[in-house]
Amino acid sequence: MATKTNADIALQREDEVLILRTRDRLQFREIAERLGCDVKNAHEAWVRGRAKQAAAAAAQYGAYVGEQLAIIQEIITGLMPKVRKGDVRAVEGMCRALDHEAKLLGLYAPVKASVTVTDEMTERVKALAEELAGLAD
């Protein structure tokens with residue numbers, strides 16, 4: 001009879017920890033008690049299992065995005081002759097396809113900005129606010 005290898009045991013523990021933590025909402029101490037291991041091992045199994053889930057999701061997401069981009073390119077290619085002829089419905093379809101493509105590529109993502117406000121700027125804003133308040137009187 002074949003025995004389980006350490007890798008098989010680790011995979012099984014990861015699956016069990018993920019189920020106990022996500023479905024049953026158990027604390028790591030409770031999970032460790034159920035599985036007969038220490039809390040550190042239960043937590044490490046959780047971290048490994050979540051990392052594997054994240055990697056699998058990222059791979060699936062990447063494949064999905066790639067498929068969607070390929071479809072959009074086919075749509076654009078098919079619509080382009082009608083767009084060049086001035087077909088209004090084709091232009092609208094092209095705009096929707098390009099919009100979807102831009103969203104998939106993250107082109108509409110917010111841009112991070114680092115802004116520094118100096119004391120001088122604050123004083124200037126206060127002065128302008130006082131000036132505007134004076135005009136309203």
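Hydrogens, waters and symmetry mates play no part in the numbers below; they use all other heavy atoms, side chains included. Just so you know, these numbers come straight off a predicted model, no measurement behind them.
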Applying salt bridge (Lys or Arg N to Asp or Glu O under 4.0 Å), which residue pairs with at least one partner in residues 56-81 are found, sequence neighbours left out?
none
When you measure from the side chain of Asp87 to the backbone N and O of Arg89, does any donor-acceptor pair fall under 3.5 Å?
yes
Sequence neighbours excluded, the answer for side chain to side chain donor-acceptor pair (under 3.5 Å) partners of Gln27 is none
Under the salt bridge (Lys or Arg N to Asp or Glu O under 4.0 Å) rule, what pairs show up with a residue in residues 47-56, not counting sequence neighbours?
Glu14-Arg48, Glu14-Lys52
So do the side chains of Arg84 and Met80 get within less than 4.5 Å of each other, counting heavy atoms only?
yes
Under the side chain to side chain contact (heavy atoms under 4.5 Å, CB included) rule, what do Glu16 and Gln12 come out as? Steps first, then yes or no, please.
CA-CA 6 Å; Glu16 290 172 350; Gln12 182 179 355; 3.2 Å; yes
Begin from the C-alpha positions of Val65 and Leu105 and carry the test side chain to side chain contact (heavy atoms under 4.5 Å, CB included) through to its verdict.
CA-CA 9 Å; Val65 170; Leu105 294 172; 5.7 Å; no
Can you pull out every salt bridge (Lys or Arg N to Asp or Glu O under 4.0 Å) where at least one residue sits in residues 92-109? Sequence neighbours excluded, please.
Asp99-Lys103
Can you tell me how far apart CG (Leu69) and CD1 (Ile76) are? Round to the nearest 0.5 Å.
9.5 Å
Nearest heavy-atom approach of Ala97 to Ile75 is CB-CG2, 4.0 Å
Set of side-chain contact (heavy atoms from CB on, under 4.5 Å) partners for Thr116, sequence neighbours left out
none
Heavy-atom neighbours of Tyr61 OH exceed 12 at 6.0 Å
no
Is there a path of hydrophobic side-chain contacts, each under 4.5 Å between heavy atoms of I, L, V, M, F, W or Y residues, that connects Leu107 with Leu98?
yes
Val83 and Ile71: same hydrophobic cluster, using ILVMFWY side-chain contacts below 4.5 Å?
yes
I'd like to check His100 versus Gln68 (side-chain heavy atoms, cut-off strictly below 4.5 Å). Are they in contact?
yes
Show which side-chain atoms of residues 31-46 pair as donor or acceptor with protein atoms under 3.5 Å away, not counting sequence neighbours.
unit_1	atom_1	unit_2	atom_2	d
Asp38	OD1	Lys40	N	3.3
Asp38	OD1	Asn41	N	2.7
Asp38	OD1	Asn41	ND2	3.3

For Thr122 and Asp119, test the side chains for any donor-to-acceptor distance below 3.5 angstrom and give the result as yes or no.
no
Consider only side-chain heavy atoms of I, L, V, M, F, W and Y, link residues closer than 4.5 Å, and tell whether Val91 and Ile72 are in one cluster.
yes
What's the shortest heavy-atom distance between Leu79 and Gly93, and which atoms?
CD1-C, 3.6 Å
Heavy-atom distance under 4.5 Å between the side chains of Val117 and Val125, does that happen here?
no
Just wondering, do Lys126 and Glu123 contact through their side chains at under 4.5 Å, heavy atoms?
yes
